[in-house]
Amino acid sequence: MKNQIKALRAERNWTQANLAELLDVSRQTINAIETGKFDPSLPLAFKIARLLERPIEEIFED
């Protein structure tokens with residue numbers, strides 16, 4: 001699944017480690033989501049959307 005997490009994270013000057021800590025996941029998980037190797041669970045996707053203050057549809061695309 002394509003997503004805008006890397007760009008939205010960069011806007012905030014957050015590292016993958018910063019975002020991972022805020023979401024209570026590993027940095028490797030963030031990397032895998034950003035590169036499309038792993039699709040987050042629905043609860044994690046909503047948590048990401050809330051944290052990045054964007055609608056989930058704006059972050060993730062088919």
Side-chain angles (χ1 to χ4, degrees):
M1 176 182 307
K2 293 181 182 178
N3 64 73
Q4 302 299 316
I5 295 174
K6 185 174 183 177
L8 294 169
R9 177 176 59 76
E11 286 177 6
R12 291 160 175 76
N13 295 316
W14 290 347
T15 64
Q16 287 182 343
N18 296 141
L19 182 57
E21 185 176 335
L22 291 167
L23 295 170
D24 197 30
V25 297
S26 70
R27 186 201 56 79
Q28 291 84 354
T29 297
I30 299 301
N31 183 54
I33 293 170
E34 286 185 355
T35 58
K37 294 177 182 171
F38 174 75
D39 291 336
S41 66
L42 197 52
L44 180 55
F46 276 107
K47 195 172 179 181
I48 291 167
R50 279 192 304 273
L51 184 65
L52 296 175
E53 300 176 326
R54 292 288 204 292
I56 198 167
E57 300 86 3
E58 193 175 305
I59 298 173
F60 298 97
E61 51 189 88
D62 286 335

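Throughout, residue positions are numbered sequentially from 1 according to the sequence presented.
Interatomic distance, D39 CG to L44 CG, rounded to the nearest 0.5 Å: 11.0 Å. The distance from atom CG of N18 to atom CZ of R12, rounded to the nearest 0.5 Å, is 12.5 Å. In this structure, K37 NZ and Q28 CD are separated by 12.0 Å, a value rounded to the nearest 0.5 Å. Residue L42 holds its CG atom at 6.0 Å from CD1 of I56, rounded to the nearest 0.5 Å. One distance of note links CD1 of I59 with CG of L52; it measures 5.0 Å at 0.5 Å rounding.
Counting only heavy atoms from C-beta outward, the side chains of E34 and R9 approach each other to under 4.5 Å. Side-chain atoms of I33 and V25, non-hydrogen and from C-beta on, never get closer than 4.5 Å to each other. Contact annotation: the side chain of I30 never approaches that of W14 to less than 4.5 Å [non-hydrogen atoms, C-beta and beyond]. L8 places none of its side-chain heavy atoms less than 4.5 Å from the side chain of I48.
K47 NZ: more than 12 foreign heavy atoms inside a 6.0 Å radius. For E21, the CD atom is loosely surrounded, since the number of other residues' heavy atoms within 6.0 Å does not exceed 12.
Proximity of a side-chain donor or acceptor of R27 to a complementary backbone N or O of Q16 within less than 3.5 Å is not detected.
Residues E61 and M1 share a closest heavy-atom pair of O-CG, 3.2 Å.
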